[in-house]
Amino acid sequence: MPFSKLDLSEKVLAAVKTAGYPNPTPIQEQAIPHVLARRDVLGIAQTGTGKTAAFVLPMLTMLEKGRARARMPRTLILEPTRELAAQVEESFDKYGKNHKLNVALIIGGVSFDDQDGKLMRGVDVLIATPGRLLDHSERGRLLMSGVELLVIDEADRMLDMGFIPDIERICKLVPFTRQTLFFTATMPPEIQRITEQFLHNPVKVEVSRPATTVAAILQQLVKTGREPHDKRDTLRRTIRAADNFKNAIIFCNRKREVAQLHRSLVRHGFNAVALHGDLDQSARTAALDSFRNGESKLLIASDVAARGLDIPDVSHVFNFDVPHHADDYVHRIGRTGRAGKTGTAYTIVGPGDGKAVAEIEKLIGQPIAWAEALAGAPDHAETQDEAREPRREGRGGTRNRHRGHRNESRAPREERFAPDRTPSPQPHSPQPAAQAQPPRREQRQPAPVARIEEARHRSPAAPAREPADHGGDHLPAFLLRPVRGKA
Ligand code: AMP
């Protein structure tokens, strides 16, 4: 169905044409008519499905009639993170370029007074994170009694972040008769309860089963040792060995790990930026911009910081930590394989992660294949500063363990990730490990994703690998071993 059949306004259709979208995505096709008919909508969709435009386009059409009054926004969009809120604002800029609407962003970490000034001038679309919104409301600087349409986006993430009480308060501050659009990727019981309480006879639009993984993503598990330095070593070697690498998001479970891993990768010469909740807004924006414009090839992030970010063309996702919640795995790997492209997601699995991996496999309904242990010498040469990092993650501490490597030459090994440098070709091209070793006896049917990998070709444009750490030129590659097992 073409966009022109969706009853969107001429201005919106012109903006969609400029954006170059040939047709609506399934969530857009299914949701837009109901939004325009003023129905409440419960949208179950992952990011990457075009769900933002599914509410922004009809909102723009509806907002063409009427005017904003001071301190009384006409519509309100709630987002769990500042980055997501900023991203939705960008969508209004993009699709609303033919409109003259006042769009305001009310997020933490930026000047309260500037935001107050905008509210005073009258706002058609208010995009907010819950905490800062309630601050303005409690100070009497914002009246929500004029809100005609409320969007609650990424509701399951709001739940994870403890925002549900705030959402309930906000829902009680906006008129009962408002229209509500509610988007979530999964439907845990608490979210179900909220939808029953705050949506009125909603139309349910579901574009893919909740918590299913995107078919175009190759998923693999990579075995590692128990200690943090083992994991960092495995990560570095996995990144270097990755096929068709362009850029990657690396997920950690905790903010502290994000910062620590970031420092480590930078010391090892990788061009990496970090995104976590302890950074101030300008640092977060700078990190994201640097990753988006290709200056930085690696973005290290926590789930909260990265949730829903629209970063097109991410070739790889690395789970440095196996996520505690299987749902998070689905969200993480959904950062790659977007818009019809293939992507690859590697999960580094230590001895204590078996249960979490089993939960993930249960949720996605398929086993994830193991990548063969990477060939080549272990890259345990941590920098002196790293050796000083607190070893709180693992038991027993490893402070002095690799002292022997410390004085080795620290020639830059990750040139492919360093800015403005062209990697030099390596004297020995990598042998796919699959050719080097026979498959194990206990073979099982590979997961569908593994079959995708079998069909993939090594790109001639794939970046050259660096020399191995210990003088070797033995370059690792993965062996896809369709064997199920746990670390
Ligand atoms: P979202 O799920 O909202 O994060 O959107 C994911 C990506 O899909 C964004 O980069 C959009 O620009 C893009 N997109 C949205 N609608 C369409 C469409 N109809 N056709 C192609 N791409 C789209």
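Atoms within each ligand, like the ligands themselves, are counted from 1 in listed order. Bear in mind that the values here come from a model prediction, so they are computed numbers and not experimental data.
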With a heavy-atom distance limit of 4.0 Å, tell me whether K94 approaches ligand 1 through its side chain, its backbone, both, or neither. side chain

Full working for side chain to side chain contact (heavy atoms under 4.5 Å, CB included) between F291 and L275: CA-CA 10 Å; F291 186 67; L275 196 67; over 6 Å; no

Regarding Y329 and Q219, do their side chains bring together a donor and an acceptor under 3.5 Å, going by distance alone? yes

side-chain hydrogen bond (donor to acceptor under 3.5 Å, both in side chains), paired with D116, selected from H136, R139, R141: R141

Taking the six-membered ring for Trp and the full ring for Phe, Tyr or His, determine whether the centres of F183 and F55 are under 6.0 Å apart. yes

Can you confirm whether or not the ring centre of F92 sits under 6.0 Å from the ring centre of H99? no

Under 4.5 Å between any side-chain heavy atoms of I32 and P24, yes or no? no

Run the numbers for me: atoms of ligand 1, each under 4.0 Å from some heavy atom of T49, listed by number. 2 (O)

If you count the atoms of ligand 1 from 1 in the order shown, which ones are under 4.0 Å from a heavy atom of T25? 17 (C), 18 (C), 19 (N)

Atoms of ligand 1 less than 4.0 Å from G50 heavy atoms? 1 (P), 2 (O), 3 (O), 5 (O), 15 (C)

Between N23 and ligand 1, does any nitrogen or oxygen pair lie at a separation below 3.5 Å? yes

Applying a heavy-atom cut-off of 4.0 Å, say which part of F3 lies close to ligand 1: side chain, backbone, both or neither. side chain

Quick check: does A53 get an N/O under 3.5 Å from an N/O on ligand 1? no

